[in-house]
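To start, the structure under review is shown below, and the notes come after it.
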Amino acid sequence: MKLPDYDPQRIEAKWQRIWEERGAFHASDGDRSREKYYVLEMLPYPSGTLHMGHMRNYTIGDAVARYKQMRGYNVLHPMGWDAFGLPAENAAIKNGTHPRDWTNANILEFRRVLKRFGFSYDWRREISTCDPDYYKWNQWLFLRMLEKGIAFRKKSKVNWCPDCVTVLANEQVIDGFCWRHETTQVEIRELEQWFLRITAYSDRLLEDMAQLEAGWPERVLVMQRNWIGKSKGALVKFDVARMEGLALEVFTTRIDTIYGASAILLSAEHPKLKALLEQVPGNSGMAAQLKAMGQKSMRAADIATAEKEGFFTGRFAVNPFSGDHVPIWVANFVLAEYGTGAVMCVPAHDQRDYEFAGKYRLPVKIVVERATGAPLRADRMEEAFTEHGRLVQSGPYTGLTSAEALEKMAADAQSKGFGEAQTTYRLKDWGISRQRYWGTPIPVVYCQKDGIVPVPDNQLPVRLPENVTITGQGQSPLASVPEFVNTNCPKCGGHARRETDTMDTFVDSSWYFYRYADPHNDAAPFDKEKVRYWFPIDQYVGGITHAILHLLYSRFFCKVMRDLGLVDHDEPIARLFTQGMVQKGGVAMSKSRGNVVGAIEMADKYGCDTGRMYTLFAAPPGKDLEWSEQAIEGSSRFLNRVYRLVEKHAPRLHGVAIDLNSQTDLSKCTPKEKILVRKTHQALKRVTNDFEVRWHFNTSVAVIMELVKELQTQEPLDRDVSPVILKRVLTVLALMLAPMTPHVAEELGEMLALAGGIGRGRWPVYREDLTREEQIEVIIQINGRLRGKILVEENLGEDETLDRALKDPRISVLIDGKTVAKTVVVVKKLVNIVLR
RNA sequence: GCCCAAGUGGCGGAAUUGGCAGACGCGCUAGCUUCAGGAGCUAGUUCUCGCAAGGGAGUGGAGGUUCGAGUCCUCUCUUGGGCACCA
């Protein structure tokens with residue numbers, strides 16, 4: 001008799017309804033009776049269609065959330081929408097829809113899909129960043145930062161994407177191209193912008209990484225560390241010869257090489273260049289060269305590969321250490337934005353300087369000698385010697401090691417008044433002004449009399465006006481809405497103009513996870529006590545693409561909020577997991593590539609549990625996964641097999657009482673039962689371990705598959721297997737499946753009459769301790785010498801025996817006093833002993 | 001150039017501390033079932049020699065440590081990722 005397959009559509013709808021009615025995933029704030037667990041997936045930008053790449057992220061988070069719930073935790077597992085952003089405006093231009101309508105329609109669809117998958121979200125806490133109840137608190141936080149001087153306005157060179165028609169943060173520029181428009185070169189423009197002073201937090205962002213080392217992927221920390229780019233060095237002042245009062249400041253990390261300086265190099269945009277070139281004969285030619293160079297330096301993309309070029313300014317600078325006069329050059333490879341925009345050129349000990357000196361015949365003077373080996377010779381060098389060593393030809397510092405010199409020379413420079421030790425960072429302040437409509441309005445007004453005036457808290461939120469024409473023609477769309485722009489100054493009551501730029505949407509996502517703790521608070525961004533209860537986030541799950549942007553900004557916001565007294569922790573996220581992408585045809589799924597596997601289509605065809613199982617099974621969660629229409633059939637077949645197996649045996653098990661907390665007495669078991677009990681416990685142990693420490697859910701699935709296979713091999717299960725044992729085994733099987741394929745698991749639980757269903761506190765516990773009777777004593781000898789003695793678990797199948805180590809005459813193994821055949825278990829333990 | 005990760009069957013991938021390499025799944029082969037297709041079930045499936053029993057080789061490559069290495073050490077090659085005139 002062939003049993004019918006399970007009907008995923010029916011049971012998925014059924015259990016989703018039941019969960020909803022029970023409020024099964026409602027987190028309770030401040031519950032002290034249970035340990036809390038906050039698991040979060042990165043909130044999606046609602047655009048396009050949800051595909052299996054998204055679903056993988058949510059499936060991993062959901063499996064962890066459900067597992068932790070089954071372990072008895074008070075789990076917070078929320079979902080929301082990163083709803084502001086450019087695509088809404090582009091759609092508005094293209095289709096004539098309002099960005100709000102377009103976004104809301106997308107949210108509706110996204111919510112429908114996520115509900116269709118039955119993820120265990122507490123939907124009461126759903127947030128949307130374009131909701132005035134949410135962005136009000138963006139504005140509120142901005143005003144607090146304004147008060148503290150963290151938010152400030154300055155005119156500066158900014159990255160401008162002609163396709164986005166807006167400014168980009170440094171973090172949004174990749175090799176000179178826009179992060180959204182991979183083929184659009186970013187232009188440099190000079191604009192008045194709002195900035196957040198993230199640089200004030202450079203050191204704390206670095207130092208607090210120590211707290212993240214246990215829970216964050218190493219490479220994310222490395223990327224952030226590189227991005228902050230801290231370097232310790234010194235500032236040294238070179239006077240310009242024959243120009244009273246004019247001096248050039250140089251930043252160097254290698255002050256120990258200063259006696260080898262052959263020149264001073266300035267960037268083409270150096271502020272003192274103009275003064276320097278006055279009265280120099282032939283400076284008109286230089287102006288032309290400068291202009292050419294300046295234009296080139298705007299094209300950040302090809303700087304790294306460009307040929308080194310420069311010209312002599314006609315001026316000299318005085319090395320304050322040696323008194324040498326060195327020529328001042330302008331060089332194209334000197335970065336204006338880093339350090340002071342001026343560097344010393346030490347050809348012998350810096351590769352770039354070496355190349356530059358070679359081209360323009362500047363002298364190469366060796367001032368650091370390597371510790372061992374033949375002395376360096378300037379005429380024999382093929383590249384610069386950039387390592388530390390011992391100083392030569394360096395006046396009073398000759399003979400010191402580089403390390404000693406670095407310290408002493410910086411200190412001397414300070415005491416003699418021509419320099420000081422200094423640390424510089426690659427990190428720059430975060431420009432948040434965007435000349436776009438669909439974002440949070442920046443809550444300030446400009447008054448002729450009072451200047452920049454913050455909007456008072458009681459006038460928040462500054463709402464986005466509804467009737468706006470979005471043309472995509474540059475300048476903020478809000479500027480063309482007189483009702484919005486024209487307002488009264490909160491201070492003097494006179495006429496004032498509102499700020500028409502909106503905030504970078506990364507502001508929205510830098511603190512959203514706090515709002516989940518208290519999503520409907522209208523008096524504050526959140527209640528401090530609730531946040532204290534839930535934070536830090538125990539597990540954050542998302543893509544590696546946010547390694548710098550979102551995650552660095554979030555850490556920054558946390559620290560600012562801590563300084564504002566809003567939170568009392570240093571870091572918002574205790575553990576981070578970066579899952580791999582889902583690919584089709586070797587590339588990430590994306591609408592533009594046309595290789596997406598739609599989540600709804602997949603669920604309609606196979607059921608969402610099959611999709612969940614496949615994404616967990618096909619690869620470990622950290623690796624990229626190639627979607628295979630063929631391979632997913634395997635997951636589908638497996639779920640059908642389990643379903644039919646339980647369906648077949650369940651009727652016989654009705655009314656059989658089991659107690660999962662009691663231990664089975666193996667000595668009273670039939671051999672068949674013994675095997676089943678053992679296999680079940682082994683599987684449980686492995687799955688538990690996968691969830692607790694390993695995060696290899698593919699092996700969890702494999703191990704459950706093995707158990708099912710074993711059950712099938714042991715058929716007929718109504719012979720030599722008591723109903724109690726069988727029911728226990730099948731129940732544990734259903735419980736193990738629950739985090740991964742929750743609907744199927746619930747259905748199995750119902751068939752087995754599992755009282756109360758699958759929920760909080762239901763995760764079964766495997767046995768750790770064995771009685772003496774279940775163990776055997778193993779003695780290992782090598783060359784007749786005792787190497788160890790250990791008690792091991794009695795081996796299960798005698799057929800699993802034997803092996804090579806035994807054939808080695810030097811090794812003998814005694815089990816319970818006799819030299820015998822060994823099992824795998826024994827051999828494994830043996831190794832440990834031998835090594836000890 | 002610098003830093004990080006990874007190289008295992010036809011494919012995705014197992015192998016928790018060094019101890020049966022290839023679990024589990026896909027695909028493929030044969031058989032049963034079926035009018036047929038599909039689905040299901042059974043058996044097989046690292047390569048190689050052999051009708052067979054059985055033998056040999058094998059975790060990118062070369063050395064090393066060890067009774068024993070996919071795993072540890074040294075060197076090397078390849079692929080992926082990050083950073084890249086940051087002085």
Side-chain angles (χ1 to χ4, degrees), chain A residues 2-3 5 175 217-227 229-231 233 250-255 257 265 303-308 331-335 337-346 349-353 355-356 383 386 424-427 544 547-548 613-614 617-620 622-638 640-641 644 685-686 689-690 693-694 696 698-709 712 780 782-783 787 800-811 822-832 834-836:
Chain A
K2 185 177 174 296
L3 290 161
D5 290 347
D175 290 340
E218 175 64 23
R219 60 179 179 147
V220 173
L221 296 178
V222 168
M223 282 162 76
Q224 292 206 357
R225 208 169 278 130
N226 289 342
W227 189 262
K230 179 176 184 169
S231 31
V250 161
F251 176 73
T252 177
T253 55
R254 291 298 303 275
I255 195 171
T257 65
L265 309 178
I303 277 187
T305 49
E307 172 86 1
K308 291 188 173 39
N332 65 342
F333 63 94
V334 178
L335 300 173
E337 323 83 59
Y338 183 80
T340 59
V343 299
M344 59 185 198
C345 175
V346 186
H349 305 293
D350 183 283
Q351 189 56 27
R352 293 155 300 183
D353 296 345
E355 288 164 24
F356 189 74
E383 55 180 19
T386 56
T424 53
Y425 301 87
R426 186 178 172 277
L427 184 69
I544 185 78
I548 297 174
M613 167 154 280
Y614 176 70
F617 177 59
K623 276 184 84 165
D624 288 346
L625 179 159
E626 175 70 23
W627 187 264
S628 157
E629 240 359 88
Q630 249 178 358
I632 194 174
E633 299 275 357
S635 299
S636 182
R637 278 200 284 267
F638 171 71
N640 278 323
R641 263 207 306 277
R644 286 195 302 261
K685 186 171 182 175
R686 289 185 60 182
N689 189 44
D690 283 345
V693 308
R694 274 186 6 136
H696 278 202
N698 53 329
T699 55
S700 304
V701 175
V703 112
I704 295 170
M705 285 174 167
E706 277 182 77
L707 179 61
V708 170
K709 215 179 198 182
Q712 291 184 316
I780 293 94
I782 294 183
N783 284 331
R787 294 299 292 269
E800 280 184 56
T801 44
L802 269 277
D803 76 339
R804 269 172 244 160
L806 237 196
K807 289 176 192 146
D808 188 323
R810 285 166 296 191
I811 302 177
K822 294 164 300 195
T823 66
V824 179
V825 182
V826 175
V827 173
K828 277 186 178 167
K829 301 289 177 183
L830 163 78
V831 180
N832 295 335
V834 169
L835 287 180
R836 242 176 251 144

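Proteins get letters first, then strands, A, B, ... in listed order; numbering begins at 1 in each.
Checking rG1(B) for Watson-Crick or G-U wobble geometry (two distances, each under 3.5 Å) identifies rC83(B) as its partner. Using N1 to N3 plus N6-O4 or O6-N4 for Watson-Crick, or N1-O2 and O6-N3 for G-U wobble, each under 3.5 Å, rG50(B) pairs with nothing. Within the shown strands, nothing qualifies as a pairing partner of rA15(B) under the Watson-Crick or G-U definition with both distances less than 3.5 Å. When Watson-Crick and G-U wobble pairs are counted only if both distances are under 3.5 Å, rG40(B) pairs with rC32(B). Across all strands shown, rC26(B) forms a Watson-Crick or G-U wobble pair, both distances under 3.5 Å, with rG10(B). Using Watson-Crick or G-U wobble geometry with both donor-acceptor distances under 3.5 Å, rA21(B) finds no partner in any strand shown.
Taking atom P on both rA5(B) and rC72(B), the two are 12 Å apart, rounded to the nearest angstrom. If you take atom P in rU59(B) and the same atom in rA69(B), they sit 11 Å apart, rounded to whole Å. One P atom belongs to rA14(B), the other to rG60(B), and the distance between them is 15 Å to the nearest Å.
Atom P of nucleotide rU17(B) and atom CG of Asn689(A) are separated by 10 Å, given to the nearest angstrom. The separation between Trp627(A) atom CH2 and rC26(B) atom C1' is 14 Å, rounded to whole Å. To the nearest angstrom, C1' of rA5(B) lies 15 Å from CG of Leu221(A). One can place CZ of Arg219(A) at 12 Å from P of rC83(B), the figure rounded to the nearest angstrom. One interatomic measurement links the two molecules: CD of Glu706(A) to P of rG25(B), which rounds to 8 Å at whole-angstrom precision. Whole-Å rounding puts the Asp690(A) CG to rG13(B) C1' distance at 14 Å. Distance Ile548(A) CD1 to rC83(B) C1': 9 Å, rounded to the nearest Å. Here rA87(B) presents its P atom at 15 Å from CD1 of Ile255(A), a figure rounded to the nearest Å.
The residue Gly634(A) sits close only to the backbone: its heavy atoms come under 4.0 Å of sugar-phosphate atoms, none of a base. The residue Ser628(A) sits apart from the nucleic acid: no heavy atom pair falls under 4.0 Å. The residue Ala631(A) sits close only to the backbone: its heavy atoms come under 4.0 Å of sugar-phosphate atoms, none of a base. Looking at heavy-atom distances under 4.0 Å, Val334(A) makes contact with a base. At a threshold of 4.0 angstrom between heavy atoms, the contacts of Arg694(A) are confined to the sugar-phosphate backbone, with no base atom among them. Using a 4.0 Å heavy-atom criterion, one finds that Arg225(A) contacts no nucleic acid atom at all.
A heavy-atom distance below 4.5 Å is found between the side chains of Phe251(A) and Thr253(A).
Legend: residues meeting side-chain contact (heavy atoms from CB on, under 4.5 Å) with Asp690(A), ordered by chain and number and at least two apart, are Arg694(A), His696(A), Thr699(A), Ser700(A). Not counting sequence neighbours, the partners of Ala618(A) by the side-chain contact (heavy atoms from CB on, under 4.5 Å) test are Tyr614(A), Leu625(A). Residues forming a salt bridge (charged side-chain N to carboxylate O under 4.0 Å, His left out) with Glu355(A) (at least two apart in sequence, or on another chain): Lys308(A). With sequence neighbours left out, the salt bridge (charged side-chain N to carboxylate O under 4.0 Å, His left out) criterion links Lys230(A) to Asp203(A). For Arg225(A), the salt bridge (charged side-chain N to carboxylate O under 4.0 Å, His left out) criterion is met by Glu213(A), not counting sequence neighbours.
Comparing rA87(B), rC24(B), rG13(B) against the side chain of Arg352(A) picks out rA87(B) as the nearest. With rC85(B), rC41(B), rC83(B) as the candidates, the nucleotide lying closest to the side chain of Lys308(A) is rC85(B). Here rA87(B) is the nucleotide among rG40(B), rA87(B), rG25(B) with the atom lying nearest to any side-chain atom of Phe333(A). Nearest to the side-chain atoms of Asn332(A) among the listed nucleotides rC24(B), rC86(B), rC85(B) stands rC85(B).
When each of Val343(A) and His696(A) is assigned the nucleotide of RNA chain B with its nearest heavy atom, His696(A) is the one assigned upstream, toward the 5' end. Of the two residues contacting RNA chain B, namely Thr252(A) and Val222(A), the nearest-nucleotide position lying further toward the 5' end is that of Val222(A).
Applying the 90° criterion around 0 to the glycosidic angle, rG9(B) comes out syn.
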Do any N or O atoms of the protein come closer than 3.5 Å to N or O atoms of nucleotides 6-12 of chain B, and which pairs are they?
{"from": "rG12(B)", "atom 1": "O2'", "to": "Ala618(A)", "atom 2": "O", "distance (Å)": "2.4"}

